[in-house]
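Proteins get letters first, then strands, A, B, ... in listed order; numbering begins at 1 in each.
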Amino acid sequence: MKCSVCKKPAIIKLRAHNVSFCEKCLQDFVKRRVREAINNFKMITKDDKILVAVSGGKDSLAVWEILHNMGYDVDGFHIDLGIDSYSELSTEKSIEFSKKLDRKLIIADVRDHFDGKNIFEIAKKAGRVTCSVCGLIKRYLMNSSAYKGGYTVLVTGHNLDDESAALFGNLMFWRDNYLASQYPVLPATDPKLIRKVKPLIYLTEREIAAYNIVKGIDYIYDECPFAEGATSIFMKKELNNIEKKSPGMKLKLLKGFFRRHDVFKELSENSNNLETNHYCSVCGFPTMADDKCAYCRLIDKVKG
Amino acid sequence: MKVYFRDHVEEFDRPLVVNDLILKLNLNAEEILILDKNTRKILPSDHKILIDDEIEIREVISGG
(Lines give C-alpha, C1' and ligand atoms only; values in the text may rest on other atoms or scores of the structure.)
Protein backbone atom coordinates (compact mmCIF):
# COMPACT_ATOMS: atom_id res chain seq x y z
CA MET A 1 0.00 0.00 0.00
CA LYS A 2 1.45 3.36 -1.08
CA CYS A 3 0.81 6.84 0.30
CA SER A 4 -1.67 8.63 -1.98
CA VAL A 5 0.39 11.83 -1.71
CA CYS A 6 4.12 10.99 -1.72
CA LYS A 7 3.99 7.31 -2.85
CA LYS A 8 6.10 6.15 0.12
CA PRO A 9 4.88 3.06 2.05
CA ALA A 10 1.54 3.89 3.66
CA ILE A 11 0.61 2.99 7.25
CA ILE A 12 -3.11 3.70 7.14
CA LYS A 13 -6.00 3.71 4.71
CA LEU A 14 -8.83 6.18 5.28
CA ARG A 15 -11.79 4.75 3.39
CA ALA A 16 -13.97 7.81 4.02
CA HIS A 17 -11.58 9.88 1.92
CA ASN A 18 -10.41 7.04 -0.34
CA VAL A 19 -6.77 7.76 0.51
CA SER A 20 -3.79 6.06 2.16
CA PHE A 21 -1.11 7.95 4.07
CA CYS A 22 2.45 7.48 5.25
CA GLU A 23 3.31 8.80 8.75
CA LYS A 24 4.24 12.28 7.55
CA CYS A 25 1.29 12.76 5.19
CA LEU A 26 -1.11 11.54 7.92
CA GLN A 27 0.17 14.31 10.21
CA ASP A 28 -0.28 16.87 7.43
CA PHE A 29 -3.82 15.61 6.81
CA VAL A 30 -4.79 15.86 10.50
CA LYS A 31 -3.42 19.40 10.82
CA ARG A 32 -5.16 20.40 7.60
CA ARG A 33 -8.51 19.12 8.92
CA VAL A 34 -8.07 21.07 12.17
CA ARG A 35 -7.18 24.23 10.26
CA GLU A 36 -10.24 23.71 8.03
CA ALA A 37 -12.54 23.42 11.06
CA ILE A 38 -11.01 26.51 12.69
CA ASN A 39 -11.41 28.54 9.49
CA ASN A 40 -14.88 27.29 8.51
CA PHE A 41 -16.37 28.17 11.88
CA LYS A 42 -14.05 31.09 12.75
CA MET A 43 -13.21 29.28 15.99
CA ILE A 44 -10.10 31.05 17.28
CA THR A 45 -7.50 33.67 16.43
CA LYS A 46 -3.88 34.14 17.44
CA ASP A 47 -5.06 36.89 19.84
CA ASP A 48 -7.16 34.47 21.89
CA LYS A 49 -6.03 33.18 25.25
CA ILE A 50 -7.09 29.54 24.96
CA LEU A 51 -7.75 26.89 27.58
CA VAL A 52 -7.98 23.24 26.47
CA ALA A 53 -9.92 20.74 28.56
CA VAL A 54 -7.41 17.92 29.01
CA SER A 55 -8.28 14.40 30.18
CA GLY A 56 -5.00 12.73 29.23
CA GLY A 57 -6.82 10.88 26.43
CA LYS A 58 -5.98 10.91 22.72
CA ASP A 59 -8.32 13.72 21.68
CA SER A 60 -7.44 16.34 24.27
CA LEU A 61 -3.68 15.76 24.04
CA ALA A 62 -3.78 15.86 20.23
CA VAL A 63 -5.77 19.08 20.03
CA TRP A 64 -3.51 20.72 22.62
CA GLU A 65 -0.37 19.69 20.71
CA ILE A 66 -1.74 20.74 17.31
CA LEU A 67 -2.93 24.18 18.46
CA HIS A 68 0.32 24.77 20.36
CA ASN A 69 2.38 23.89 17.29
CA MET A 70 0.20 26.14 15.12
CA GLY A 71 1.32 29.03 17.32
CA TYR A 72 -1.80 29.55 19.44
CA ASP A 73 -1.52 30.65 23.08
CA VAL A 74 -2.96 27.58 24.74
CA ASP A 75 -2.89 26.23 28.31
CA GLY A 76 -4.50 23.07 29.71
CA PHE A 77 -7.21 22.40 32.28
CA HIS A 78 -7.57 19.01 33.92
CA ILE A 79 -10.14 17.68 36.37
CA ASP A 80 -9.11 14.90 38.75
CA LEU A 81 -12.31 12.91 39.28
CA GLY A 82 -10.83 10.79 42.07
CA ILE A 83 -11.56 7.46 40.32
CA ASP A 84 -8.63 5.49 41.78
CA SER A 85 -6.00 4.33 39.29
CA TYR A 86 -7.89 5.66 36.24
CA SER A 87 -7.80 9.25 37.51
CA GLU A 88 -4.24 8.90 38.79
CA LEU A 89 -3.07 7.79 35.36
CA SER A 90 -5.07 10.41 33.48
CA THR A 91 -3.70 13.19 35.74
CA GLU A 92 -0.17 11.81 35.34
CA LYS A 93 -0.46 11.77 31.52
CA SER A 94 -1.84 15.32 31.51
CA ILE A 95 0.98 16.64 33.71
CA GLU A 96 3.65 14.85 31.66
CA PHE A 97 2.26 16.32 28.45
CA SER A 98 2.07 19.87 29.83
CA LYS A 99 5.76 19.56 30.72
CA LYS A 100 6.54 18.30 27.23
CA LEU A 101 4.78 21.32 25.69
CA ASP A 102 6.12 23.60 28.42
CA ARG A 103 2.61 25.00 28.96
CA LYS A 104 0.65 25.68 32.11
CA LEU A 105 -1.81 23.00 33.32
CA ILE A 106 -4.52 24.03 35.78
CA ILE A 107 -5.72 21.06 37.85
CA ALA A 108 -9.02 20.94 39.72
CA ASP A 109 -9.75 18.03 42.07
CA VAL A 110 -13.47 17.33 42.57
CA ARG A 111 -12.72 16.18 46.14
CA ASP A 112 -11.63 19.75 46.98
CA HIS A 113 -15.07 21.02 45.98
CA PHE A 114 -17.25 18.25 47.44
CA ASP A 115 -16.02 17.51 50.97
CA GLY A 116 -13.43 14.95 49.88
CA LYS A 117 -15.91 12.90 47.83
CA ASN A 118 -14.97 11.47 44.43
CA ILE A 119 -17.27 11.54 41.40
CA PHE A 120 -18.89 8.20 42.22
CA GLU A 121 -19.59 9.22 45.83
CA ILE A 122 -20.98 12.59 44.69
CA ALA A 123 -23.37 10.88 42.25
CA LYS A 124 -24.43 8.34 44.87
CA LYS A 125 -25.13 11.03 47.46
CA ALA A 126 -27.06 13.10 44.91
CA GLY A 127 -29.01 10.05 43.73
CA ARG A 128 -27.98 10.64 40.15
CA VAL A 129 -26.21 8.80 37.33
CA THR A 130 -22.43 9.22 37.55
CA CYS A 131 -21.96 10.39 33.91
CA SER A 132 -24.65 13.05 34.26
CA VAL A 133 -23.11 14.47 37.46
CA CYS A 134 -19.65 14.25 35.88
CA GLY A 135 -20.85 16.27 32.86
CA LEU A 136 -22.40 18.95 35.07
CA ILE A 137 -19.26 19.30 37.20
CA LYS A 138 -16.96 19.34 34.17
CA ARG A 139 -18.99 22.02 32.35
CA TYR A 140 -19.12 24.21 35.45
CA LEU A 141 -15.47 23.88 36.44
CA MET A 142 -14.21 24.32 32.87
CA ASN A 143 -16.20 27.52 32.39
CA SER A 144 -15.52 29.03 35.82
CA SER A 145 -11.79 28.20 35.66
CA ALA A 146 -11.49 29.67 32.16
CA TYR A 147 -13.34 32.81 33.29
CA LYS A 148 -11.26 33.25 36.45
CA GLY A 149 -8.04 32.65 34.50
CA GLY A 150 -8.89 35.33 31.92
CA TYR A 151 -9.15 32.87 29.02
CA THR A 152 -11.20 33.92 25.99
CA VAL A 153 -11.90 30.49 24.48
CA LEU A 154 -12.40 27.00 25.85
CA VAL A 155 -11.38 24.14 23.54
CA THR A 156 -12.66 20.59 23.89
CA GLY A 157 -11.48 17.46 22.07
CA HIS A 158 -14.90 16.44 20.72
CA ASN A 159 -14.33 14.60 17.45
CA LEU A 160 -16.36 13.44 14.46
CA ASP A 161 -17.41 10.22 16.23
CA ASP A 162 -18.50 12.07 19.39
CA GLU A 163 -20.48 14.63 17.43
CA SER A 164 -22.11 12.27 14.93
CA ALA A 165 -23.09 9.88 17.76
CA ALA A 166 -24.57 12.78 19.75
CA LEU A 167 -26.42 13.96 16.64
CA PHE A 168 -27.71 10.45 15.95
CA GLY A 169 -29.06 10.23 19.52
CA ASN A 170 -30.56 13.72 19.43
CA LEU A 171 -32.31 12.98 16.13
CA MET A 172 -33.64 9.62 17.27
CA PHE A 173 -35.35 11.27 20.23
CA TRP A 174 -35.97 14.60 18.45
CA ARG A 175 -34.37 16.62 21.23
CA ASP A 176 -34.92 20.03 19.65
CA ASN A 177 -33.03 22.01 22.29
CA TYR A 178 -30.00 19.74 22.08
CA LEU A 179 -30.06 19.89 18.29
CA ALA A 180 -30.18 23.68 18.46
CA SER A 181 -27.17 23.86 20.76
CA GLN A 182 -25.07 21.19 19.01
CA TYR A 183 -22.57 23.16 16.95
CA PRO A 184 -18.76 23.40 16.65
CA VAL A 185 -18.85 26.86 18.24
CA LEU A 186 -20.93 27.76 21.29
CA PRO A 187 -20.86 31.53 21.54
CA ALA A 188 -20.35 33.40 24.80
CA THR A 189 -23.92 34.59 25.41
CA ASP A 190 -22.91 36.22 28.69
CA PRO A 191 -19.64 37.86 29.83
CA LYS A 192 -19.28 35.04 32.37
CA LEU A 193 -19.81 32.27 29.81
CA ILE A 194 -16.67 31.43 27.87
CA ARG A 195 -16.94 30.69 24.14
CA LYS A 196 -16.48 26.95 23.47
CA VAL A 197 -15.05 25.42 20.30
CA LYS A 198 -14.38 21.93 18.92
CA PRO A 199 -11.49 21.92 16.42
CA LEU A 200 -11.46 18.10 15.96
CA ILE A 201 -14.98 17.80 14.53
CA TYR A 202 -13.75 16.71 11.07
CA LEU A 203 -11.53 13.92 12.43
CA THR A 204 -12.50 10.39 13.46
CA GLU A 205 -11.23 8.74 16.62
CA ARG A 206 -9.16 6.35 14.50
CA GLU A 207 -7.46 9.22 12.66
CA ILE A 208 -6.71 11.00 15.94
CA ALA A 209 -5.41 7.82 17.64
CA ALA A 210 -3.15 7.18 14.64
CA TYR A 211 -1.87 10.78 14.83
CA ASN A 212 -1.01 10.30 18.52
CA ILE A 213 0.84 7.07 17.80
CA VAL A 214 2.95 8.46 14.95
CA LYS A 215 3.72 11.58 17.00
CA GLY A 216 4.68 9.48 20.05
CA ILE A 217 2.04 11.17 22.23
CA ASP A 218 1.63 9.06 25.35
CA TYR A 219 -2.11 9.07 26.01
CA ILE A 220 -4.34 7.08 28.35
CA TYR A 221 -6.30 4.54 26.34
CA ASP A 222 -8.01 2.78 29.22
CA GLU A 223 -11.70 3.60 29.20
CA CYS A 224 -13.31 5.45 32.11
CA PRO A 225 -14.77 2.64 34.30
CA PHE A 226 -18.17 4.34 34.22
CA ALA A 227 -18.28 4.45 30.40
CA GLU A 228 -18.98 0.72 30.14
CA GLY A 229 -22.36 0.28 28.48
CA ALA A 230 -22.62 4.01 27.74
CA THR A 231 -25.22 4.98 25.14
CA SER A 232 -22.62 7.07 23.29
CA ILE A 233 -20.49 3.95 22.68
CA PHE A 234 -23.53 2.05 21.41
CA MET A 235 -24.36 4.92 19.03
CA LYS A 236 -20.75 5.09 17.81
CA LYS A 237 -20.67 1.37 17.10
CA GLU A 238 -23.94 1.52 15.17
CA LEU A 239 -22.64 4.42 13.08
CA ASN A 240 -19.36 2.59 12.45
CA ASN A 241 -21.31 -0.40 11.16
CA ILE A 242 -22.98 1.92 8.65
CA GLU A 243 -19.62 3.59 7.93
CA LYS A 244 -18.14 0.17 7.12
CA LYS A 245 -20.74 -0.27 4.37
CA SER A 246 -20.84 3.38 3.34
CA PRO A 247 -17.47 5.11 3.97
CA GLY A 248 -17.71 8.84 4.64
CA MET A 249 -21.27 8.65 5.98
CA LYS A 250 -20.43 10.10 9.44
CA LEU A 251 -18.83 13.16 7.88
CA LYS A 252 -21.74 13.63 5.46
CA LEU A 253 -24.25 13.32 8.31
CA LEU A 254 -22.50 15.94 10.44
CA LYS A 255 -21.71 18.38 7.65
CA GLY A 256 -25.31 18.14 6.39
CA PHE A 257 -26.56 18.89 9.88
CA PHE A 258 -24.33 21.95 10.23
CA ARG A 259 -25.67 23.27 6.92
CA ARG A 260 -29.22 22.91 8.23
CA HIS A 261 -28.46 24.01 11.77
CA ASP A 262 -30.44 27.26 11.50
CA VAL A 263 -33.65 25.25 11.09
CA PHE A 264 -33.17 23.59 14.50
CA LYS A 265 -32.04 26.84 16.08
CA GLU A 266 -35.18 28.60 14.89
CA LEU A 267 -37.41 25.74 15.95
CA SER A 268 -35.95 25.81 19.44
CA GLU A 269 -36.06 29.62 19.73
CA ASN A 270 -39.74 29.58 18.78
CA SER A 271 -40.66 27.18 21.55
CA ASN A 272 -38.24 28.21 24.31
CA ASN A 273 -36.52 31.20 25.73
CA LEU A 274 -32.95 29.97 25.91
CA GLU A 275 -31.52 33.21 27.27
CA THR A 276 -29.84 32.90 30.65
CA ASN A 277 -31.19 35.98 32.40
CA HIS A 278 -30.32 34.97 35.93
CA TYR A 279 -27.17 34.73 38.00
CA CYS A 280 -26.68 32.13 40.71
CA SER A 281 -27.24 33.61 44.16
CA VAL A 282 -24.22 31.68 45.49
CA CYS A 283 -21.47 31.60 42.84
CA GLY A 284 -22.66 34.44 40.60
CA PHE A 285 -22.37 32.49 37.34
CA PRO A 286 -25.24 32.54 34.78
CA THR A 287 -28.02 30.03 35.22
CA MET A 288 -31.43 29.30 33.77
CA ALA A 289 -32.73 28.61 37.29
CA ASP A 290 -34.32 31.37 39.33
CA ASP A 291 -32.04 31.12 42.35
CA LYS A 292 -29.11 28.72 42.64
CA CYS A 293 -27.40 27.14 39.65
CA ALA A 294 -27.40 23.34 39.17
CA TYR A 295 -23.79 23.09 40.37
CA CYS A 296 -24.44 24.94 43.64
CA ARG A 297 -27.59 22.89 44.19
CA LEU A 298 -25.47 19.76 43.74
CA ILE A 299 -23.00 21.00 46.36
CA ASP A 300 -25.92 21.56 48.78
CA LYS A 301 -27.23 18.07 48.13
CA VAL A 302 -23.87 16.39 48.62
CA LYS A 303 -22.90 18.38 51.71
CA GLY A 304 -26.34 18.38 53.27
CA MET B 1 2.13 -15.00 16.37
CA LYS B 2 0.83 -13.41 19.55
CA VAL B 3 -2.09 -10.98 19.40
CA TYR B 4 -2.72 -8.77 22.44
CA PHE B 5 -6.30 -7.55 22.61
CA ARG B 6 -8.43 -6.37 25.58
CA ASP B 7 -6.28 -7.96 28.31
CA HIS B 8 -6.19 -11.26 26.41
CA VAL B 9 -3.44 -12.84 24.37
CA GLU B 10 -4.44 -14.94 21.40
CA GLU B 11 -1.96 -17.12 19.54
CA PHE B 12 -2.03 -18.02 15.84
CA ASP B 13 0.19 -20.71 14.37
CA ARG B 14 0.47 -19.29 10.87
CA PRO B 15 1.31 -15.94 9.25
CA LEU B 16 -1.64 -13.64 8.52
CA VAL B 17 -2.20 -10.42 6.63
CA VAL B 18 -3.56 -7.63 8.91
CA ASN B 19 -6.83 -7.45 6.96
CA ASP B 20 -7.38 -11.20 7.32
CA LEU B 21 -6.72 -11.01 11.06
CA ILE B 22 -9.37 -8.28 11.38
CA LEU B 23 -11.86 -10.43 9.47
CA LYS B 24 -10.95 -13.53 11.47
CA LEU B 25 -11.61 -11.70 14.75
CA ASN B 26 -14.78 -10.14 13.31
CA LEU B 27 -13.66 -6.60 14.14
CA ASN B 28 -14.63 -3.32 12.51
CA ALA B 29 -11.51 -1.71 11.01
CA GLU B 30 -13.03 1.72 11.72
CA GLU B 31 -12.67 1.06 15.45
CA ILE B 32 -9.14 -0.28 15.80
CA LEU B 33 -5.49 0.15 14.88
CA ILE B 34 -3.06 -2.74 14.60
CA LEU B 35 0.36 -2.05 16.14
CA ASP B 36 3.65 -3.89 16.26
CA LYS B 37 3.97 -4.48 20.02
CA ASN B 38 7.72 -3.93 20.05
CA THR B 39 8.17 -0.95 17.72
CA ARG B 40 4.76 0.67 18.50
CA LYS B 41 4.37 1.31 14.76
CA ILE B 42 1.01 1.13 13.00
CA LEU B 43 0.78 -1.83 10.64
CA PRO B 44 -1.06 -1.23 7.35
CA SER B 45 -3.91 -3.47 6.26
CA ASP B 46 -1.76 -5.32 3.70
CA HIS B 47 1.10 -6.03 6.13
CA LYS B 48 1.97 -9.70 6.58
CA ILE B 49 2.30 -10.66 10.25
CA LEU B 50 4.89 -13.40 10.68
CA ILE B 51 4.78 -16.32 13.06
CA ASP B 52 7.22 -14.78 15.59
CA ASP B 53 5.61 -11.34 15.59
CA GLU B 54 3.78 -9.83 18.55
CA ILE B 55 1.03 -7.39 17.75
CA GLU B 56 -1.42 -5.26 19.68
CA ILE B 57 -4.98 -4.41 18.67
CA ARG B 58 -5.65 -0.91 19.95
CA GLU B 59 -9.32 0.08 20.26
CA VAL B 60 -9.94 3.72 19.44
CA ILE B 61 -13.58 4.20 20.45
CA SER B 62 -14.12 5.95 23.75
CA GLY B 63 -17.13 6.84 25.87
CA GLY B 64 -16.72 10.61 25.41
Side chains of A:Glu223 and B:Ser62, donor plus acceptor under 3.5 Å: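 No, because no side-chain N or O of A:Glu223 sits under 3.5 Å from a partner of the opposite role on B:Ser62.
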Could you tell me whether the side chain of [Y] reaches within less than 4.5 Å of the side chain of [X], counting heavy atoms only?
X        : Y        : value
B:Glu30  : A:Glu205 : no
B:Glu31  : A:Arg206 : no
A:Tyr221 : B:Arg58  : yes
A:Ile12  : B:Leu33  : yes

Under 4.5 Å from any heavy atom of chain B, what part of [X] do you find: side chain, backbone, both or neither?
X        : answer
A:Phe21  : neither
A:Ala210 : both
A:Asn159 : neither

So, [X] side chain and [Y] main chain: donor-acceptor pair closer than 3.5 Å or not?
X        : Y       : value
A:Lys13  : B:Pro44 : no
A:Asn240 : B:Asn28 : no
B:Asp46  : A:Met1  : yes

Side chain, backbone, both or neither of B:Ile32 within contact of chain A (heavy atoms, under 4.5 Å):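 Only the backbone of B:Ile32 comes within 4.5 Å of chain A.
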Heavy-atom contact with chain A under 4.5 Å, split by part of B:Leu43: backbone
What do you reckon, is [atom1] of [X] surrounded by more than 12 foreign heavy atoms closer than 6.0 Å?
X        : atom1 : result
A:Lys24  : NZ    : no
B:Asn38  : CG    : yes
B:Lys24  : NZ    : no
A:Phe120 : CZ    : no
A:Phe226 : CZ    : yes
A:Lys31  : NZ    : yes
A:Lys93  : NZ    : yes

Charged N-O contact under 4.0 Å between A:Glu23 and B:Lys41: yes
A:Asp162 side, atom CG; B:Ile61 side, atom CD1 - distance, nearest 0.5 Å: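 A:Asp162 atom CG to B:Ile61 atom CD1 measures 9.0 Å (nearest 0.5 Å).
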For chain B, the option from A:Glu243, A:Lys237, A:Met235 that forms the most heavy-atom pairs under 4.5 Å: A:Lys237
